[in-house]
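Below, chain A is the first sequence line, B the second, and so on; all start at residue 1.
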Amino acid sequence: DIQMTQSPSSLSASVGDRVTITCRTSQSISIYLNWYQQTPGKAPKLLIYAASSLQSGVPSRFSGSGSGTEFTLTISSLQPEDFGTYYCQQSYNTPYTFGQGTKLDIK
Amino acid sequence: QVQLQESGPGLVKPSQTLSLTCTVSGASISSGGYYWTWIRQQPGKALEWIGYIYYSGDTYYNPSLRSRVTISVDMSKNQFSLNLSSVTAADTAVYYCSRSPRGQGYFDYWGQGTLVTVSS
C-alpha cells in the first residue's frame, strides 16, 4: 500500500493568513493526489483532485500543487469557515489510501 | 443534486455481520460512469477505503478486508450495500458511502456517515 504522510499534524492560524499543508507519499504517484476538508460531524468534502484541479463550487483561495511524491494544499487567505481537518488521498492505485489528517484551528 | 444516505444498525455484536445500505438520489447507479464506494473512519484513525462496485457488478476490495467484505448493488432501488462479516471491536467506525467517477479515484459525493459500534 502507498503510505501517506501529512505535515503538520495540526496548526493554528489567523483569518487572512496563508496556510500550507504538505503531503508526502511513499512512492511516486504522478499527480494522482486529492484533498478533502472535514468539519466535525460531517463527511469529507472534495476540494482538489488530480493535484491541482479545483472541484466545482470550491472557493478559489484553495489551491493544490505538486507531483511525484510531494504535494501541497494552500489556502491563500484563511476564512473562519476553513477550520477542520484536511486529508490527502492517493488515487494512483488501489487500495486507495489517505493521510492521517491535518487539524486546522482558527486563532 | 446527488445525495447519498447510509442506513443500517448502529450496534452489531462481535462475530456477526455488519450490513449497511446506501440509497442514492439525484443520480442513477445504472447509468454507469461511477464507482459506488464504501469508506470508513475508525476512531482516531485515518479514513480507510473499503471497496467499490460498478453498476455491472464488478467489485474491487481493499485486500486488508477482502476476505470479509461483500459489496452489492440493487439497481431497482438505486441502492448499494456493504456486508462485513466476523466483526470485532476494531470494526467500530463511522461508515461512509460515496461516489467515485470511473477511472479518477477521488470521491466527489459522500453520505453523512453512520456510526457502527461493535459490542456485546
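Hydrophobic clustering of Ile, Leu, Val, Met, Phe, Trp and Tyr side chains at less than 4.5 Å, counting indirect connections, keeps F71(A) apart from L46(A). Cluster membership for I75(A) and I21(A), using ILVMFWY side-chain heavy atoms within less than 4.5 angstrom, is shared. M4(A) and I31(A) fall into different hydrophobic clusters, where Ile, Leu, Val, Met, Phe, Trp and Tyr residues are linked whenever their side-chain heavy atoms come under 4.5 Å apart, directly or through other members. V2(B) and F80(B) fall within a single hydrophobic cluster, where Ile, Leu, Val, Met, Phe, Trp and Tyr are joined by side-chain heavy atoms under 4.5 Å apart, directly or via other members. Hydrophobic clustering, with ILVMFWY side chains joined whenever heavy atoms are under 4.5 angstrom apart, groups I48(A) together with F83(A).
Neither the backbone nor the side chain of I50(B) comes within contact range of chain A; no heavy atom of the residue lies under 4.5 Å from a heavy atom of that chain.
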Can you list the donor-acceptor atom pairs spanning chain B and chain A that come in under 3.5 angstrom?
residue	atom	partner	partner atom	Å
Q41(B)	OE1	Q38(A)	NE2	3.2
Q41(B)	NE2	Q38(A)	OE1	3.3
Q41(B)	NE2	Y87(A)	OH	3.0
Y52(B)	OH	Y96(A)	OH	3.2
Y96(B)	OH	Q38(A)	NE2	2.9
Q104(B)	O	S91(A)	OG	3.4
G105(B)	O	Q89(A)	NE2	2.8
F107(B)	N	Y36(A)	OH	2.9

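Taking non-hydrogen atoms and a 4.5 Å limit, the residue list of residues 12-26 of chain B in contact with chain A is empty.
Your options are A43(A), P95(A), P44(A), G101(A), and the one with the most heavy-atom pairs under 4.5 Å with chain B is P44(A).
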